[in-house]
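Chain naming here is simple, since letters A, B, ... match the order of the sequence lines and numbering starts at 1 in each. What you see is a predicted model; the values in this text were computed from it and never measured.
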Amino acid sequence: MQLLYFAWVRERIGMGGEEVSPPEAVETVADLVAWLSSRSDGHAAAFAKPARLRAAVDQAFVPLDTRIAGAREIAIFPPVTGG
Amino acid sequence: MQLLYFAWVRERIGMGGEEVSPPEAVETVADLVAWLSSRSDGHAAAFAKPARLRAAVDQAFVPLDTRIAGAREIAIFPPVTGG
Amino acid sequence: MIRILVTTDAIDIAAEQVSLEQGGAVATFTGLVRADDGVATLELEHYPGATEAALLRLAEQAVARWSLSAATIVHRVGPMHPGERIVFTGAASAHRAAALEACAFLIDRLKTDAPFWKREVVAGKGRWVEARESDDHAADRWR
Amino acid sequence: MIRILVTTDAIDIAAEQVSLEQGGAVATFTGLVRADDGVATLELEHYPGATEAALLRLAEQAVARWSLSAATIVHRVGPMHPGERIVFTGAASAHRAAALEACAFLIDRLKTDAPFWKREVVAGKGRWVEARESDDHAADRWR
């Protein structure tokens, strides 16, 4: 699945996105975030406080306990600050 | 005192205003309207339904029972419809 | 900054907007002449002097109540046609809620507190527009 | 008519206003970059595709809820400077209450429902703007 990162999540990880294939045990967005944290120091820094993260699955905002089976694009980012 | 008429009050009376000197018994705007009604058929038509009239004394909106002693300019008109 | 204008000219929205752009948030309202029931011409009569004073009082109240950085009221008078701008109100503030509320206040209260009268010309015949009770209710919510 | 635009160009208020002038009442909101705390540059990042979809959904909700004749949302992205326009929302309707409410709805909900992120540059150092709880409350009143 395609991952996208925005704002300080993107900055800390050091890239705008990546293609990943998480194991079956990774069932929700929260699971995904925990699993990604071990990939690099940047991932660990970006995902240290999951309460500060928001996510979109296939471009729709979702809570972090949303299941990710079948998702093609998952975006992880801080709370939005537009307008 | 100077009287001013607007909208259909002006049209029915046939003029935009006039200078009058009402007798002392004319104490309020309502008294003034009643006293003016006898001046012409146009005045009578304009002032036939006092509930449909509004007034300003020296350019401030006031209820019709407002006393007019000392007023320099009194305007009589329908409810406003701007905006 | 308060700006009050009663004019027979067309209302220049772009210029009014730019003059309001002080602070972080600008809210505006524009009323257009509608072509309801075949209205061909709308004529706006007003009470010169008293009109400007009433509009200034409204703008001053809004500036004080919402700590605005700018407030503008422009009202056209004389004859105009469907689609033309009849009124513009604008409020600028540091934050959006103040600008939005103040802009609504200005147009709601203008409807009941400023001496303007509308006359519609339909099929060559003029008729004075009746005041609406709903306008009194809209104005009352700010009291 | 719904118009959604996410752009790196300056926002042309006069053109947006004219395209909204359908029906009797037009309400608009414009957000400007503030120079709070010495901000020299504001950078707006967004989620291409998802942003436009989110704004379109908001505009469609507003049109349905208030029977609007037109709704517009324009949001600038990329680097910009104090005083420049960052966002514009507009609503047009037959009556003013609908236009005013819908315009407030659009900007309140845009703040929480559209994927934009602000980064301020102060004295050469960048910092991401924190989301505000007050924005969540403002958005909640429309739910």
Side-chain angles (χ1 to χ4, degrees), chain B residues 1-20 28-30 32-33 36-37 40-68 70-83, chain C residues 4 6 11 29-34 42-58 73-78 80 85-89 103-120 125-136 138-139:
Chain B
M1 65 183 52
Q2 178 67 41
L3 302 185
L4 295 174
Y5 306 130
F6 293 102
W8 53 253
V9 173
R10 172 182 55 71
E11 280 190 342
R12 288 182 191 172
I13 295 177
M15 58 186 160
E18 59 192 312
E19 184 80 29
V20 297
T28 66
V29 177
L32 178 68
V33 164
L36 289 166
S37 294
S40 76
D41 289 350
H43 287 81
F47 299 145
K49 294 180 178 169
R52 297 188 63 207
L53 299 173
R54 300 292 180 272
V57 170
D58 291 331
Q59 304 205 343
F61 287 24
V62 295
L64 294 196
D65 61 2
T66 301
R67 301 180 72 84
I68 61 173
R72 281 186 296 187
E73 178 177 297
I74 297 181
I76 304 172
F77 44 79
V80 301
T81 55
Chain C
I4 302 297
V6 178
I11 299 175
F29 177 83
T30 306
L32 305 167
V33 180
R34 284 183 286 164
L42 187 70
E43 292 171 6
L44 254 288
E45 180 169 333
H46 75 122
Y47 180 174
T51 307
E52 290 82 351
L55 298 182
L56 180 59
R57 209 153 46 229
L58 275 189
I73 305 175
V74 182
H75 206 297
R76 193 160 162 197
V77 293
M80 58 201 89
R85 298 167 187 144
I86 180 170
V87 63
F88 172 91
T89 65
C103 178
F105 166 90
L106 290 174
I107 185 63
D108 279 348
R109 289 284 300 273
L110 182 153
K111 293 254 174 191
T112 58
D113 290 15
F116 293 101
W117 298 273
K118 286 195 185 93
R119 185 170 172 273
E120 297 173 338
K125 282 194 60 176
R127 67 176 179 218
W128 293 95
V129 172
E130 292 280 329
R132 294 187 311 176
E133 220 176 298
S134 61
D135 286 336
D136 289 335

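For the options C:Phe116, C:Trp117, C:Phe29, heavy-atom pairs under 4.5 Å to chain B are most numerous at C:Trp117.
Using a 4.5 Å cut-off between heavy atoms, B:Phe61 touches chain C through its side chain atoms alone. Using a 4.5 Å cut-off between heavy atoms, B:Ala7 contacts chain C through both its backbone and its side chain. In this structure, chain B has no heavy atom under 4.5 Å from any part of C:Glu43. In this structure, the portion of C:Asp113 lying under 4.5 Å from any heavy atom of chain B is its backbone and not its side chain.
For C:Asp136, the CG atom sits in a packed shell: over 12 heavy atoms of surrounding residues, nucleotides or ligands are nearer than 6.0 Å.
At a threshold of 4.0 Å, the pair C:Glu130-B:Arg52 counts as salt-bridged, since one of the basic side-chain nitrogens sits closer than that to a carboxylate oxygen.
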With a 3.5 Å cut-off and sequence neighbours excluded, list the donor-acceptor pairs that the side chains of residues 74-83 of chain B form with protein atoms.
residue: B:Thr81; atom: OG1; partner: C:Lys118; partner atom: N; Å: 2.8

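Between B:Val9 and B:Phe47 there is a side-chain heavy-atom pair separated by less than 4.5 Å.
Here B:Arg67 pairs with B:Glu27 under the salt bridge (charged side-chain N to carboxylate O under 4.0 Å, His left out) rule; sequence neighbours left out.
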